[in-house]
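Order of the sequence lines sets the chain letters (A, B, ...), proteins ahead of strands, with each chain counted from 1.
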2 protein chains.
Amino acid sequence: METQNTSEMVKDIFTGYLENKGYRKTPERYAIVDTIYSHNGHFDVESLYAQMKNRNYRVSRATIYNTIDLMADAKLLIKHQFGDGITQFERVYNYKQHDHMICTQCGKVIEFFDDRIEDIKQSISDSTGFQIDSHVVYFHGICKECNKK
Amino acid sequence: METQNTSEMVKDIFTGYLENKGYRKTPERYAIVDTIYSHNGHFDVESLYAQMKNRNYRVSRATIYNTIDLMADAKLLIKHQFGDGITQFERVYNYKQHDHMICTQCGKVIEFFDDRIEDIKQSISDSTGFQIDSHVVYFHGICKECNKK
DNA sequence: ATACATGCAAACTGTTTGCACGAAG
DNA sequence: CTTCGTGCAAACAGTTTGCATGTAT
């Protein structure tokens, strides 16, 4: 099962990260990693907190913030600020590279993919000496549905 | 003088926008537009507020927020959230189209330009029916200087 | 046994809101 | 004269911080 594998892989990467940095392997941290990797979409801290409550995990918001930072550092998730004021996150390991279009009318976020972005990263990196680890691309505009109205 | 022209053009666009929307032409709004277009770089609300105080303009933060929203709507500025929690803005009219690289180590923001991004926008727009008005591209990584250390 | 991580609540910060006053139309 | 915009301060929301307790090492 593919999901199973991803989940295991992520746990291993995270364990390696913690060991490497000398951080402790607490059950709370693993519970958070697990919950995040149990679904694909974007999420914010508040809904993650609610979801973990539902699963009967007892973790505080502070620990969620802390663990999210660790995961971002370990390249297991990425932070988004689409402009509505709420910071969103999404898992990044083994999930198809993609970018986002945001409708300025209805707020919908649509994913798209274009591999020319990798080419651009390569050449900018080559010409500037800036080592590019990750990227974020947002296209703002009016989605198909809103445009019909 | 080129700056003079830009400033005049922007004022005209803004006036047209206000008239079109039926909003009032208040001195505070023009003072804010003027101050923003008196420099090029990124800025946040707090530093703009301070700068206007120095110029002896009396405007409240609330009015700054309000006017910034109008300018964004009029496509005279763009909003950035580079990830440090502070929302930054930058003028956009008659300023070379560019994007940003953010050093995750020292926080530096470097501008770069690549016109292939326009090609991508075009083809994504064609294939999805999403009307793309503007874009934001962030490359995250380690800048040349930090990489030397 | 010794820090480090957690939970909780209080503190903090950037932004929004409500209201009375002032000015644009 | 009417209504919208402003200034001010209070409210708000998301995030960070401090401290006592718990627990991984």
Participant: How many Å lie between OH on B:Y30 and C1' on C:dA23, as a whole number?
Facilitator: 15 Å
Participant: Can you tell me the distance, in whole Å, between the CZ atom of B:F43 and the P atom of C:dG14?
Facilitator: 16 Å
Participant: Check every atom of D:dG14, D:dC8, C:dT6 against the side chain of B:A62 and return the nucleotide holding the closest atom.
Facilitator: D:dC8
Participant: How close do A:F43 and A:L77 get, heavy atom to heavy atom, and via which atoms?
Facilitator: CZ-CD2, 4.4 Å
Participant: Do other residues, nucleotides or ligands put more than 12 heavy atoms under 6.0 Å from A:R116 CZ?
Facilitator: yes
Participant: Output yes when B:E111 and B:K96 qualify as a salt bridge under the 4.0 Å nitrogen-oxygen rule, no when they do not.
Facilitator: no
Participant: Does D:dG5 have OP1 or OP2 sitting under 4.0 Å from an N or O in the side chain of B:T63?
Facilitator: no
Participant: Counting the atoms with a prime plus P, OP1 and OP2 as sugar-phosphate, which does B:D44 contact under 4.0 Å by heavy atoms, base, sugar-phosphate, or nothing?
Facilitator: nothing
Participant: Whole Å only: how far is the CD atom of B:E28 from the P atom of D:dC8?
Facilitator: 11 Å
Participant: Take the protein atom CD of A:Q81 and the nucleotide atom C1' of D:dA13, then report the distance between them rounded to whole Å.
Facilitator: 14 Å
Participant: Quick check: do B:T6 and B:R91 have side-chain heavy atoms less than 4.5 Å from each other?
Facilitator: yes
Participant: If only side-chain N and O atoms of A:T26 are considered, is one of them under 4.0 Å from the OP1 or OP2 phosphate oxygen of C:dA5?
Facilitator: no
Participant: Quick one: A:I64 CD1 to C:dA5 P, roughly how many Å, whole number?
Facilitator: 17 Å
Participant: Assuming nearest nucleotide by heavy-atom distance, tell me which of B:K25 and B:Y65 is located more 5' along DNA chain C.
Facilitator: B:Y65
Participant: So, under a plain 3.5 Å distance rule, would you say the side chain of B:R24 forms a donor-acceptor pair with the base of D:dT3?
Facilitator: yes
Participant: Assign each of B:V45 and B:P27 to its nearest nucleotide of DNA chain C by heavy atoms, then name whichever residue's nucleotide is nearer the 5' end.
Facilitator: B:V45
Participant: Out of C:dT16, C:dC8, C:dA5, which has the shortest distance to the side chain of A:R58?
Facilitator: C:dC8
Participant: Does a side-chain N or O from A:R29 land closer than 4.0 Å to OP1 or OP2 of D:dA24, or not?
Facilitator: no
Participant: From CG of A:D69 over to C1' of D:dT16, roughly how many Å is that when rounded to an integer?
Facilitator: 11 Å
Participant: Would you indicate which nucleotide in C:dT6, C:dT15, D:dG7 comes nearest to any side-chain atom of B:R61?
Facilitator: C:dT15
Participant: Can you tell me how far P of D:dT6 sits from OH of B:Y49, to the nearest Å?
Facilitator: 14 Å
Participant: Examine C:dT6: is either OP1 or OP2 under 4.0 Å from a nitrogen or oxygen in the side chain of A:N66? Give yes or no.
Facilitator: yes
Participant: Can you measure A:L18 atom CG to D:dT25 atom P for me and round it to whole angstrom units?
Facilitator: 9 Å
Participant: Can you say whether the rings of A:H100 and A:Y138 are parallel (under 30°), tilted (30 to 60°) or perpendicular (over 60°)?
Facilitator: tilted
